[in-house]
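Taking it in order: structure first as structure tokens, then the write-up.
Bear in mind that the values here come from a model prediction, so they are computed numbers and not experimental data.
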Amino acid sequence: VQDLFSPDNLDTRGAYGSALLIGAAAHQVFFRFGEWDLYAAQLIFAFVFANVGGTAALVHENPNLGTWAAFRLVSTLITPPVVGIFSSMLIYRGFFHRLNRFPGPFLARLSNFYVTSLSISKFRLFEEVQQLHKQYGDIVRIGMLLTCIAPKKNSVSDSIMPGPSEISICSPEALERIHSNLSPCTKGPWYNVIYPVVSLQMVRDRKEHARRRKIWDLGFSTKGWLLTNSHECSLRLLTAPSAARLRTTRVNLHRSTHGA
């Protein structure tokens, strides 16, 4: 084991290449699926723990190796997997992502930094997105959450993907396909913005949303309106004697003060 953790074995091109491939494989097997935005803190903690834990293990197996030298070696060895993850991610997004069939700027495929740069340039993102629609058409990949803007006539593709998350759609027909009760589209990761607090508007699960919505529906229905009015009338009857006493007390106080 000590030979395995020796600096000579760790600080080699083979070790770095293996670590790079491990990172690329991790992206293809794990990080390419599901939503990882809520796990950012855990991933950062795991990265820090790997540095600290790896340094401690290396110093334990090689007492003659200083702590700083061990930390530099472990950090250098952990960097290739991270590079492998991001390299695989950029290649996948740029050339193999299933949304690449939709037109748009190439940089928008890689990161949200593209649309963020458009947003902060003049703080009028809606105008920038409209310009992209004029250039690319009704459906544009812009690298942000799904939006529908400025309806335009006579065009919408029949191949709208269920739950697209990084395209902007500019079509009146798409509104019904995306937002109707029969739509296969679901709310994207943006609705986790206030997580763990989940308001009714932010509920992404259809069954949970229907359950919570049913409570509100009663309040806005005719039955709910009648029930509210009946409770209001009951409260008025219950509070009428108290209100009368308060008015009497107020008059008596006014008279006593005026008389004094």
Side-chain angles (χ1 to χ4, degrees), residues 20-40 42-43 80-119 125-126 128-193 195 202-209:
L20 187 70
L21 292 177
I22 289 174
H27 169 253
Q28 293 296 325
V29 176
F30 298 107
F31 296 113
R32 194 162 62 88
F33 305 98
E35 299 174 4
W36 293 91
D37 53 305
L38 296 180
Y39 298 95
Q42 290 90 329
L43 293 174
V82 177
V83 174
I85 290 174
F86 281 95
S87 299
S88 176
M89 182 172 62
L90 293 176
I91 293 173
Y92 172 73
R93 290 181 178 182
F95 303 100
F96 302 103
H97 197 280
R98 59 180 181 172
L99 292 183
N100 288 352
R101 55 193 284 193
F102 297 105
F106 180 80
L107 292 178
R109 299 181 179 186
L110 305 179
S111 172
N112 280 344
F113 286 118
Y114 173 79
V115 73
T116 301
S117 65
L118 294 181
S119 176
L125 180 60
F126 66 96
E128 301 288 350
V129 175
Q130 285 178 339
Q131 292 299 321
L132 291 176
H133 278 292
K134 290 179 180 179
Q135 180 178 355
Y136 293 102
D138 289 346
I139 301 179
V140 183
R141 188 174 181 189
I142 59 176
M144 65 181 298
L145 296 176
L146 175 67
T147 51
C148 292
I149 67 166
K152 184 179 179 181
K153 296 181 179 179
N154 300 326
S155 125
V156 63
S157 172
D158 290 333
S159 59
I160 293 180
M161 297 175 60
S165 61
E166 295 181 347
I167 62 176
S168 174
I169 302 177
C170 177
S171 170
E173 298 176 18
L175 287 173
E176 182 178 358
R177 295 193 180 193
I178 294 172
H179 296 291
S180 68
N181 293 331
L182 300 178
S183 173
C185 298
T186 57
K187 295 178 179 178
W190 182 87
Y191 288 87
N192 292 330
V193 66
Y195 186 87
M202 297 296 188
V203 175
R204 299 177 63 189
D205 183 79
R206 290 180 179 270
K207 293 183 179 179
E208 177 64 14
H209 182 271

- Closest approach of Ile142 and Val115, non-hydrogen atoms and distance? O-CB, 3.5 Å

- Item | With Ser87 via side chain to side chain contact (heavy atoms under 4.5 Å, CB included) - residues at least two apart | Val83

- Starting at OG of Ser88, measure out to CZ of Arg32 and round the result to the nearest 0.5 Å. 8.0 Å

- Item | Separation of Met89 CE from Ser111 OG (nearest 0.5 Å) | 8.0 Å

- Query: Do other residues, nucleotides or ligands put more than 12 heavy atoms under 6.0 Å from Glu208 CD?
  - Reply: yes

- salt bridge (Lys or Arg N to Asp or Glu O under 4.0 Å) against Arg141, all qualifying residues, sequence neighbours excluded: Glu166

- Query: What residues form a side chain to side chain contact (heavy atoms under 4.5 Å, CB included) with Pro105, not counting sequence neighbours?
  - Reply: Ala108, Tyr114, Leu132, Tyr136, Val140

- Note on the structure: Across all chains, not counting sequence neighbours, the side chain to side chain contact (heavy atoms under 4.5 Å, CB included) partners of Glu128 are Leu118, Ser121, Lys122, Leu125

- Contacts of type side chain to side chain contact (heavy atoms under 4.5 Å, CB included), residue Arg204, not counting sequence neighbours: Glu35, Lys187, Pro189, Tyr191, Asn192

- Rounded to the nearest 0.5 Å, how far apart are CG of Leu20 and CD1 of Ile85? 10.0 Å

- Query: Any chance CZ of Phe95 has more than 12 other-residue heavy atoms, nucleotides or ligands included, within less than 6.0 Å?
  - Reply: no

- Nearest 0.5 Å, what's the CG-CD1 distance between Leu99 and Ile139? 10.5 Å

- Message: For Ser183 versus Ile178, what's the shortest heavy-atom pair and its separation?
- Response: OG-O, 2.9 Å

- With Tyr39, which residues qualify under ring-ring contact (aromatic ring centres under 6.0 Å, His included), at least two apart? Trp36

- CG on Asp138 to OG on Ser171, rounded to 0.5 Å: 5.5 Å

- Task: Find the distance between CZ (Phe86) and CZ (Arg93) and round it off to the nearest 0.5 Å.
- Result: 9.0 Å

- Quick check: are there more than 12 heavy atoms from other residues, nucleotides or ligands sitting under 6.0 Å from CZ of Phe33? yes

- Message: Looking at every non-hydrogen atom in both residues, tell me the closest pair between Tyr92 and Asn100 and how far apart they are.
- Response: O-ND2, 4.4 Å

- For Ile169 and Ala174, which heavy atoms make the closest approach, and how far apart are they? CG2-CB, 3.3 Å

- Determine the minimum heavy-atom distance between Cys185 and Arg177, stating which atoms define it. SG-O, 4.4 Å

- Note on the structure: Between Arg206 and Pro184 the two heavy atoms that sit nearest each other are NH2-C, 3.9 Å

